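Small disclaimer: the values here were computed from a predicted structure and weren't measured. Along the sequence shown, the residues carry numbers beginning at 1.
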Amino acid sequence: MNQKNFNNNIIGTQKEDTPKSTMQQGRDCFLSYRFEVMDDGNIYSISFRGKLADEETKKVLESIQNCLYEKAAGCIQIYLEQNNIAYTGFVANRKPLSHNRAMKLAELFLHSETCSRLDTHTSNADIYYAIIDHQQSDSKSNCEGCYIVVQKTPALSKCQYKYNIIGQTFSCNETNSDEYGYFAIRVNKDNGLVNNITMSSDEPVLPAFGCIDLVSLLLNIDSMQTAEQVAKIALK
């Protein structure tokens with residue numbers, strides 16, 4: 001992917017022109033937000049504290065729909081500023097993403113049986129969104145990768161949070177076109193267990209090569225129940 005020159009100017013910034021009265025009114029009920037966008041070589045992490053309505057959070061996600069991953073932090077901050085949304089502690093950073101790290105995160109999200117396991121990665125965020133769009137090929141034309149979208153939101157139940165997860169790990173050979181994929185749509189229950197709404201382990205639902213719209217999939221994650229619905233939303 002053509003992801004270059006992450007904008008370091010926004011690191012550690014926060015909204016300066018929000019009226020103090022507005023900030024004070026919302027400070028006690030501010031939640032921690034974290035967005036992670038991961039491509040073949042980088043993890044772009046954006047975090048801040050604020051109090052966004054569900055529709056506003058959706059608009060934040062829509063703001064990164066047509067931008068390069070490296071520009072996601074700037075797009076999110078511009079949206080917050082232009083819509084006068086009170087926030088504080090905006091921090092954006094970029095870290096390298098190794099193949100091993102990407103596949104371990106895919107394993108965590110697609111195979112963890114309890115919310116407590118998922119919380120090992122997301123525990124410092126009340127509201128968490130992630131996109132993982134990764135693949136790596138070797139010298140023998142073998143390719144391995146994953147597509148993952150994750151939503152974590154507060155829940156009014158015995159569980160503190162609600163998780164929605166859609167993802168696929170895949171392997172293929174670019175020479176002979178052999179493909180294998182593990183696909184699952186997942187959600188947690190009130191007892192803290194994470195269950196598969198649907199799961200398949202054979203031919204990949206999403207192709208290893210092509211344009212996959214993971215932001216649109218994340219925006220519609222609450223309504224996804226079948227592999228066919230996922231493919232219709234994600235494949236351009």
With rounding to the nearest 0.5 Å, note down the distance linking [atom1] in [X] to [atom2] in [Y].
{"X": "N173", "Y": "D178", "atom1": "CG", "atom2": "CG", "result": "6.5 Å"}
{"X": "I127", "Y": "S32", "atom1": "CD1", "atom2": "OG", "result": "8.0 Å"}
{"X": "H99", "Y": "Q135", "atom1": "NE2", "atom2": "CD", "result": "10.5 Å"}
{"X": "C115", "Y": "K189", "atom1": "SG", "atom2": "NZ", "result": "11.0 Å"}
{"X": "C29", "Y": "R49", "atom1": "SG", "atom2": "CZ", "result": "10.0 Å"}
{"X": "S123", "Y": "Y128", "atom1": "OG", "atom2": "OH", "result": "11.0 Å"}

If we ignore hydrogens and angles and just use 3.5 Å, is the side chain of [X] paired with the main-chain N or O of [Y] as donor and acceptor?
{"X": "Q168", "Y": "V205", "answer": "yes"}
{"X": "D39", "Y": "D133", "answer": "no"}
{"X": "N191", "Y": "L193", "answer": "yes"}
{"X": "D138", "Y": "N142", "answer": "yes"}
{"X": "T120", "Y": "R117", "answer": "yes"}
{"X": "R186", "Y": "M199", "answer": "no"}
{"X": "R94", "Y": "S45", "answer": "no"}
{"X": "N188", "Y": "Y163", "answer": "yes"}
{"X": "K152", "Y": "T122", "answer": "yes"}
{"X": "S223", "Y": "N220", "answer": "yes"}

Exercise for review: Return the orientation label for the F90 and F48 ring planes: parallel under 30°, perpendicular over 60°, tilted otherwise.
Suggested key: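 The rings of F90 and F48 lie parallel, inter-plane angle below 30°.
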Point to revise | Aromatic plane relationship, F35 with Y33 - under 30° parallel, 30 to 60° tilted, over 60° perpendicular | key: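 If you compare the ring of Y33 with that of F35, the planes turn out parallel.
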Practice item. Would you check, one step at a time, whether the test side chain to side chain contact (heavy atoms under 4.5 Å, CB included) holds for S116 with T114? Key: CA-CA 5 Å; S116 60; T114 64; 2.9 Å; yes
Exercise for review: Consider only side-chain N and O atoms of Q225 and T198, and report whether a donor and an acceptor are under 3.5 Å apart.
Suggested key: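 T198 and Q225 do not have a side-chain donor-acceptor pair below 3.5 Å.
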Practice item. Taking atom types as modelled, find out whether Y87 and E81 have a side-chain donor-acceptor pair closer than 3.5 angstrom. Key: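 Note: Y87 and E81 side chains meet the donor-acceptor criterion.
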Which atoms form the tightest heavy-atom contact between [X] and [Y], and what is the distance?
{"X": "S137", "Y": "C143", "answer": "OG-CB, 3.6 Å"}
{"X": "L235", "Y": "P207", "answer": "CD2-CD, 3.5 Å"}
{"X": "C75", "Y": "S63", "answer": "CB-O, 3.5 Å"}
{"X": "A227", "Y": "I185", "answer": "N-CD1, 4.3 Å"}
{"X": "I212", "Y": "L206", "answer": "CG2-CD1, 4.2 Å"}

Residue pair [X] / [Y], side-chain heavy-atom distance below 4.5 Å:
{"X": "V230", "Y": "L217", "value": "yes"}
{"X": "K162", "Y": "V187", "value": "yes"}
{"X": "L80", "Y": "L52", "value": "yes"}
{"X": "L219", "Y": "Q65", "value": "yes"}
{"X": "I148", "Y": "L105", "value": "no"}
{"X": "Y129", "Y": "L218", "value": "yes"}
{"X": "H121", "Y": "L108", "value": "yes"}
{"X": "I165", "Y": "L118", "value": "yes"}

Exercise for review: Go through the structure and list residues passing ring pair (Phe, Tyr, Trp, His ring centres under 6.0 Å) with F170, not counting sequence neighbours.
Suggested key: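 Expected list: Y147.
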Review point. Would you find more than 12 non-hydrogen atoms of other residues, nucleotides or ligands less than 6.0 Å from E113 atom CD?
Key: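 No.
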Review point. Step by step, would you call Q136 with H134 a side chain to side chain contact (heavy atoms under 4.5 Å, CB included)?
Key: CA-CA 7 Å; Q136 177 174 287; H134 169 81; 4.2 Å; yes
Point to revise | Salt-bridge present (R34, E36; N to O < 4.0 Å) | key: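 Yes, charged N to carboxylate O under 4.0 Å.
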**Study point:** Chi angles and distances behind the side chain to side chain contact (heavy atoms under 4.5 Å, CB included) call for N42, K95
**Key:** CA-CA 6 Å; N42 297 288; K95 297 185 293 185; over 6 Å; no
Check your understanding: Do Y79 and I131 belong to the same hydrophobic cluster, where Ile, Leu, Val, Met, Phe, Trp and Tyr are linked whenever their side-chain heavy atoms lie under 4.5 Å apart, directly or via other members?
Key ->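 They do share one cluster, since a chain of ILVMFWY contacts under 4.5 Å joins Y79 to I131.
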Check your understanding: Linking I/L/V/M/F/W/Y whenever their side-chain heavy atoms sit closer than 4.5 Å, directly or via other members, would I85 and I78 fall into one cluster?
Key ->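 No, it is not one cluster - the side chains of I85 and I78 are not joined through contacts under 4.5 Å.
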Exercise for review: Evaluate side-chain hydrogen bond (donor to acceptor under 3.5 Å, both in side chains) for Y161 paired with D126, printing each intermediate quantity in order.
Suggested key: CA-CA 8 Å; Y161 297 104; D126 296 312; 3.0 Å; yes
Exercise for review: Compute both the distance and the angle, then confirm whether K51 meets the cation-pi test with F30: under 6.0 Å from the six-membered ring centre, within 45 degrees of the axis.
Suggested key: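 Not flagged: K51 not positioned over aromatic ring of F30.
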Review point. Which is it for M224 and I233 under the side chain to side chain contact (heavy atoms under 4.5 Å, CB included) test, yes or no, and what are the steps along the way?
Key: CA-CA 9 Å; M224 296 293 98; I233 290 291; 4.0 Å; yes
Practice item. Could you please spell out the steps behind the side-chain hydrogen bond (donor to acceptor under 3.5 Å, both in side chains) verdict for S201 and Y180? Key: CA-CA 8 Å; S201 181; Y180 173 80; 2.5 Å; yes
Point to revise | Residue list, salt bridge (Lys or Arg N to Asp or Glu O under 4.0 Å) with K59, at least two apart or on another chain | key: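 K59 satisfies salt bridge (Lys or Arg N to Asp or Glu O under 4.0 Å) with E62 once adjacent residues are dropped.
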